[in-house]
Amino acid sequence: MNVISVSTQEELEACFSIRIKVFVEEQKVPSELELDEYDASPEASHHILLVDGDKPVATGRWKIYEEGTAKLQRIAVLKEYRSGGIGRLLMQALEDNAREAGMEEAVLDGQLYAEGFYQRLGYRTVSEEPFLDADILHVRMVKSLKRD
């Protein structure tokens with residue numbers, strides 16, 4: 001599995017193709033909600049792409065949420081790759097990339113069904129109640145990125 005810190009438009013388009021399959025086609029998120037200003041270019045946010053051979057299989061991005069805090073977003077793994085640790089590898093790559101940029105904490109709005117996955121990676125739920133985003137229940141979660 002190759003981990004790529006996205007730097008080209010071609011790599012960014014590969015991220016979009018995964019997100020369209022997962023969020024728009026599979027989860028029925030309206031396509032106009034999927035892409036935003038943080039997708040305008042490889043420099044608009046920090047995108048990570050996982051490639052199996054030459055096949056893009058997982059992606060996520062992060063942006064600065066507030067000083068020292070990265071907001072992880074658009075975390076997507078193709079259905080046929082949702083086992084064997086690909087999600088864990090993607091999260092580690094996002095966290096490492098944010099840590100290298102000086103971030104000390106990560107925050108994410110995870111889909112409710114994935115809350116346990118994120119908890120196993122060290123995230124704690126901070127929202128009092130689940131909330132809707134794109135008509136899907138989410139919870140706000142945080143994790144320290146500081147090394148012990």
Side-chain angles (χ1 to χ4, degrees), residues 1-65 69-125 130-147:
M1 195 65 56
N2 191 16
V3 177
I4 298 169
S5 181
V6 171
S7 62
T8 69
Q9 190 63 35
E10 182 181 12
E11 292 166 345
L12 189 59
E13 294 292 334
C15 295
F16 298 161
S17 71
I18 295 167
R19 287 169 42 189
I20 295 299
K21 285 178 187 163
V22 171
F23 297 125
V24 176
E25 295 173 11
E26 190 180 317
Q27 298 182 353
K28 308 302 182 205
V29 171
S31 58
E32 62 271 13
L33 296 180
E34 181 47 35
L35 300 178
D36 61 21
E37 67 270 22
Y38 299 104
D39 297 316
S41 70
E43 297 79 26
S45 62
H46 305 266
H47 292 266
I48 297 293
L49 176 65
L50 270 59
V51 180
D52 182 15
D54 62 353
K55 181 178 181 174
V57 299
T59 188
R61 72 177 191 198
W62 70 269
K63 64 182 181 96
I64 296 174
Y65 181 65
T69 302
K71 176 112 187 252
L72 280 54
Q73 302 177 305
R74 304 304 202 274
I75 297 162
V77 178
L78 292 180
K79 186 180 255 183
E80 61 270 27
Y81 284 86
R82 287 185 202 147
S83 62
I86 302 302
R88 181 179 295 273
L89 179 63
L90 174 61
M91 291 299 294
Q92 186 66 55
L94 285 162
E95 292 169 6
D96 288 346
N97 189 268
R99 191 179 292 110
E100 289 166 12
M103 301 294 111
E104 296 181 347
E105 184 175 63
V107 61
L108 61 81
D109 294 337
Q111 292 184 11
L112 186 59
Y113 84 90
E115 184 177 16
F117 167 75
Y118 293 120
Q119 287 173 336
R120 288 189 296 279
L121 297 179
Y123 286 82
R124 61 184 175 81
T125 305
F131 55 91
L132 286 174
D133 184 6
D135 285 328
I136 299 170
L137 285 173
H138 286 70
V139 289
R140 171 75 43 103
M141 305 184 82
V142 298
K143 177 182 179 178
S144 173
L145 295 180
K146 294 179 184 176
R147 296 278 190 207

Note to self: Using a 3.5 Å distance criterion without hydrogens, assess whether the side chain of Arg19 forms a donor-acceptor pair with backbone atoms of Glu34.
What the structure shows: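 Checked: pair present.
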Note to self: Check whether Ser5 reaches the backbone of Ile48 with its side chain - one donor and one acceptor, N or O, closer than 3.5 Å.
What the structure shows: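 Answer holds: no.
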Next item on the list: Applying side chain to side chain contact (heavy atoms under 4.5 Å, CB included) between Tyr38 and each of Arg74, Lys71, Arg61, report the one that passes.
Entry: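 Option passing the side chain to side chain contact (heavy atoms under 4.5 Å, CB included) with Tyr38: Arg61.
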How long is the span from the [atom1] atom in [X] to the [atom2] atom in [Y], to the nearest 0.5 Å?
X      : Y      : atom1 : atom2 : answer
Met141 : Phe117 : CE    : CZ    : 10.5 Å
Trp62  : Thr69  : CH2   : OG1   : 10.5 Å
Leu49  : Glu13  : CG    : CD    : 12.0 Å
Ile136 : Tyr113 : CD1   : OH    : 8.5 Å

Can you name the nearest heavy-atom pair linking [X] to [Y], along with the distance?
X      : Y      : answer
Pro130 : Val139 : CA-CG1, 4.1 Å
Ala93  : Val3   : CB-CG1, 3.6 Å
Ala98  : Ala70  : CB-CB, 3.8 Å

I want to check something: taking the side chain as every heavy atom from C-beta on, are [X] and [Y] in contact at a cut-off of under 4.5 Å?
X      : Y      : value
Asp109 : Phe131 : yes
His47  : Asp39  : yes
Glu25  : Ile20  : yes
Glu104 : Leu145 : no
Lys28  : Asp135 : no
Glu95  : Met103 : no
Lys143 : Leu108 : no

Margin query: Using side-chain contact (heavy atoms from CB on, under 4.5 Å), reason through Leu50 and Ile18 one step at a time and then give a plain yes or no.
Written below: CA-CA 10 Å; Leu50 270 59; Ile18 295 167; over 6 Å; no
Next item on the list: Quick one: sort the Tyr118 and Tyr123 rings into parallel, tilted or perpendicular, breaks at 30° and 60°.
Entry: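 The arrangement is perpendicular - the two ring planes meet at more than 60°.
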Next item on the list: Verify the neighbour count for atom CZ of Arg82: are there more than 12 heavy atoms of other residues, nucleotides or ligands below 6.0 Å?
Entry: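 Enclosed: over 12 neighbouring heavy atoms sit under 6.0 Å from CZ of Arg82.
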Next item on the list: Check whether more than 12 heavy atoms from other residues, nucleotides or ligands sit under 6.0 Å from atom CD1 of Ile4, and answer yes or no.
Entry: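 Check passes, neighbour count above 12.
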Check: Which residue pairs pass the salt bridge (charged side-chain N to carboxylate O under 4.0 Å, His left out) test when at least one of the two sits in residues 46-60, sequence neighbours left out?
Finding: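 Listed by first then second residue: Lys55-Glu80.
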Item checked: With sequence neighbours excluded, residues passing side-chain contact (heavy atoms from CB on, under 4.5 Å) with Asp133 ->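 For Asp133 the side-chain contact (heavy atoms from CB on, under 4.5 Å) partners, ignoring immediate neighbours, are His138.
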Note to self: For Thr8 and Glu10, which I'm curious about, is there any donor-acceptor pair between the side chains at under 3.5 Å?
What the structure shows: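 On atom types as modelled, these side chains do not qualify, holding no pair under 3.5 Å.
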Note to self: One pair to check against side-chain contact (heavy atoms from CB on, under 4.5 Å): Leu90 and Met1. What are the steps and the verdict?
What the structure shows: CA-CA 10 Å; Leu90 174 61; Met1 195 65 56; over 6 Å; no
Next item on the list: Would you please test Glu11 and Val51 for side-chain contact (heavy atoms from CB on, under 4.5 Å) and show each step?
Entry: CA-CA 10 Å; Glu11 292 166 345; Val51 180; over 6 Å; no
